[in-house]
There are 2 protein chains.
Amino acid sequence: MDLAGQVGRRLRELRTEQGISLSELARRSGLGKATLSELESGRRNPTLETLYALTTALSTHLTAVLTPATAQAEVSGGAVDAVLLERYQDDEATTEVFRVRVRAGALQESPAHPPGTTERIIVLGGTARVGPTGAATLVGPGRQADWAADVPHEYSAPDGDAEAVLVVRYPRPGGAAAPR
Amino acid sequence: MDLAGQVGRRLRELRTEQGISLSELARRSGLGKATLSELESGRRNPTLETLYALTTALSTHLTAVLTPATAQAEVSGGAVDAVLLERYQDDEATTEVFRVRVRAGALQESPAHPPGTTERIIVLGGTARVGPTGAATLVGPGRQADWAADVPHEYSAPDGDAEAVLVVRYPRPGGAAAPR
DNA sequence: CGCCTCCGTTCCATAAACAGAACGTTCTGT
DNA sequence: ACAGAACGTTCTGTTTATGGAACGGAGGCG
């Protein structure tokens with residue numbers, strides 16, 4: 001599990017996405033070209049200062065570079081890439097927050113989860129089609145949808161990849177019945 | 001604004017919260033005591049590897065130690081502690097996802113954000129009272145609320161601390177339509 | 001009181017991250 | 001075709017982050 005390699009790849013992604021050359025980024029960030037070159041190829045172990053200089057020069061946050069490397073639990077499938085951002089647990093339920101990308105074209109069917117499980121998606125960009133199989137709805141940027149996930153459900157993205165946050169809530173099996 | 005100092009303070013916070021001694025943490029993480037000591041006092045500029053070893057030894061993720069230095073300030077205040085989980089940006093909008101804790105008793109008033117800004121909260125545990133000042137609503141575990149954040153709004157937790165995920169969406173100032 | 005253990009800080013040698021220069025390669029314009 | 005510039009990589013010397021070994025101080029116990 002090469003941490004430097006992952007961060008390096010992510011840095012190069014961010015830079016090329018913005019159409020900036022390595023030399024240009026070196027100028028903007030005040031770092032040496034050598035530093036950037038070896039960093040992006042995963043041959044170095046950057047300093048906090050270096051990372052900060054880089055991410056601000058790329059006008060993002062440190063987390064943009066680090067999150068893909070930190071999150072471990074992947075619950076991905078055919079059309080969905082998911083990265084666990086947060087996991088919360090109390091007497092009533094366990095809740096997991098994922099950052100997901102729904103890939104265009106493909107359809108992912110998810111089997112029923114335990115009784116009482118609910119899912120909620122908040123779309124950041126693109127349009128996703130999600131919900132119980134047969135009753136999926138379209139969700140655009142900034143909008144949300146929620147559904148009971150104890151029946152089969154599906155994810156797809158009709159018009160290009162969709163980026164979203166997915167919140168899955170599993171009520172505690174034996175635990176405190178949640179009155180409402 | 002001293003980055004190393006901020007991270008150092010945050011590290012010491014996390015360590016003492018867990019009641020671990022510096023020497024003990026050194027053993028668990030495989031790092032030298034010197035490293036930890038000077039790190040926590042902000043006299044060093046840690047390496048990515050070092051930070052990773054530390055945060056995993058403290059059983060958190062990198063963002064827990066880094067976000068307070070970058071973005072937390074925007075949302076955090078009297079009654080709200082926020083940690084940035086994710087930041088997404090496209091032609092239409094910038095969306096930030098925070099993990100927040102609303103402390104019991106206190107009330108936080110947030111001034112109006114730029115026009116078009118919306119906020120959405122998903123409560124993981126406890127009960128939060130959120131929304132535009134004067135029109136706040138109660139939100140229980142597993143439930144959500146959303147509101148326009150371009151007017152003053154407020155956060156509070158009447159019955160004990162509330163844990164939640166907060167999604168803030170800032171539409172792009174120049175307006176959407178960006179031809180590609 | 002000693003003695004021992006554990007704490008956090010400071011000192012020191014080593015390894016490695018960094019900046020700058022030199023390099024080969026690929027475009028661009030004349 | 002050539003000159004020039006910009007690109008990304010590799011080389012070299014300096015700075016510094018790191019681990020291990022002291023160090024002084026604060027309990028715990030016989």
Side-chain angles (χ1 to χ4, degrees), chain A residues 1-70, chain B residues 1-70:
Chain A
M1 165 61 53
D2 177 21
L3 183 62
Q6 293 191 31
V7 171
R9 248 175 295 143
R10 183 80 184 113
L11 278 174
R12 175 155 295 181
E13 269 178 41
L14 284 171
R15 175 172 68 78
T16 52
E17 270 175 20
Q18 303 191 17
I20 303 176
S21 78
L22 186 149
S23 311
E24 175 61 23
L25 181 58
R27 246 165 285 141
R28 291 197 200 174
S29 60
L31 298 171
K33 294 202 288 181
T35 306
L36 290 192
S37 178
E38 303 195 357
L39 240 181
E40 290 192 350
S41 60
R43 241 172 301 154
R44 279 219 209 154
N45 173 22
T47 287
L48 179 60
E49 237 182 21
T50 316
L51 277 182
Y52 184 75
L54 268 179
T55 50
T56 56
L58 288 167
S59 54
T60 41
H61 294 218
L62 279 169
T63 52
V65 158
L66 297 177
T67 35
T70 74
Chain B
M1 60 136 276
D2 176 22
L3 184 61
Q6 295 191 30
V7 170
R9 248 176 296 145
R10 184 78 184 117
L11 278 173
R12 177 157 294 184
E13 269 179 43
L14 285 172
R15 174 172 68 79
T16 51
E17 270 176 19
Q18 303 190 18
I20 305 175
S21 77
L22 187 148
S23 310
E24 175 61 22
L25 181 57
R27 246 166 280 138
R28 292 197 201 175
S29 60
L31 298 172
K33 292 201 289 180
T35 306
L36 289 192
S37 176
E38 302 196 1
L39 240 181
E40 290 192 349
S41 60
R43 243 172 301 152
R44 278 215 211 159
N45 173 20
T47 286
L48 180 60
E49 238 181 20
T50 311
L51 278 182
Y52 185 76
L54 268 180
T55 50
T56 55
L58 289 167
S59 55
T60 41
H61 35 258
L62 280 168
T63 52
V65 88
L66 295 177
T67 39
T70 69

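All heavy atoms count here, side chains included; hydrogens, waters and symmetry mates do not. In what follows, chains are A, B, ... by sequence order, proteins preceding strands, each numbered from 1.
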Minimum-distance nucleotide to B:Arg12 side chain [options: C:dC11, D:dG8, C:dT9]: C:dT9
d(CG, B:Asn45; C1', C:dC18) in whole Å: 11 Å
Check every atom of C:dG20, C:dT10, D:dT9 against the side chain of B:Ala34 and return the nucleotide holding the closest atom. C:dT10
In terms of the nearest nucleotide of DNA chain C, which residue is placed more toward the 5' end: B:Glu24 or B:Arg43? B:Glu24
Could you tell me whether the phosphate oxygens of D:dA17, OP1 or OP2, come under 4.0 Å of any side-chain nitrogen or oxygen in A:Thr47? no
Can you establish whether the number of heavy atoms outside B:Glu13 located under 6.0 Å from its atom CD is more than 12? yes
The side chain of B:Ser21 lies closest to which of these nucleotides: C:dA17, C:dG8, D:dC7? C:dG8
What is the distance, to the nearest angstrom, from the CD1 atom on A:Ile20 to the C1' atom on D:dA6? 16 Å
Could you tell me the separation between the CG atom of A:Leu48 and the P atom of D:dA17, rounded to a whole number of Å? 11 Å
Side chain of A:Arg15 only, heavy atoms from C-beta on: which candidate in C:dC11, D:dG19, D:dG8 is closest? D:dG8
Where the side chain of B:Leu22 is defined as all heavy atoms beyond and including C-beta, which of D:dG8, C:dG8, D:dG20 is the nearest nucleotide? C:dG8
Could you tell me whether A:Arg15 and A:Glu40 have a side-chain N and a carboxylate O separated by less than 4.0 Å? yes
Between P of D:dT18 and CD of B:Glu49, the distance in whole Å: 9 Å
Whole-Å distance separating the CG atom of B:Leu25 from the C1' atom of D:dG19: 15 Å
More than 12 heavy atoms of other residues, nucleotides or ligands under 6.0 Å from CD of B:Gln18: is that the case? yes
Expressed in angstrom and rounded to an integer, what is the separation of A:Glu40 atom CD from D:dG8 atom P? 8 Å
Heavy-atom side-chain contact between B:Leu3 and A:Glu49 under 4.5 Å: no
Between P on C:dA17 and CG on A:Leu3, what's the gap in Å once rounded to a whole number? 12 Å
Any side-chain N or O of A:Thr35 less than 4.0 Å from the OP1 or OP2 oxygen of C:dA17? no
Sugar-phosphate only, base, or nothing, as touched by B:Thr50 at under 4.0 Å among non-hydrogen atoms: sugar-phosphate
C:dA17 phosphate, OP1 or OP2, under 4.0 Å from B:Arg44 side-chain N/O: no
Would you say a side-chain N or O of A:Ser23 is under 4.0 Å from OP1 or OP2 of D:dG8? yes
For C:dA21, give the paired nucleotide (Watson-Crick: N1-N3 plus N6-O4 or O6-N4; G-U: N1-O2 and O6-N3; both under 3.5 Å), or none. D:dT10
Hey, is the side chain of B:Arg27 poking within less than 4.0 Å of OP1 or OP2 on C:dC7, counting only N and O atoms? yes
4.5 Å side-chain heavy-atom contact, B:Leu11 and B:Leu58: yes
Within the structure shown, what part of the strands sits under 4.0 Å from B:Leu31 by heavy-atom distance: base, sugar-phosphate, or nothing? sugar-phosphate
Take the protein atom NZ of A:Lys33 and the nucleotide atom P of C:dC23, then report the distance between them rounded to whole Å. 14 Å
Answer yes when B:Glu24 and B:Arg28 have at least one side-chain N-carboxylate O distance shorter than 4.0 Å, and no when they do not. yes
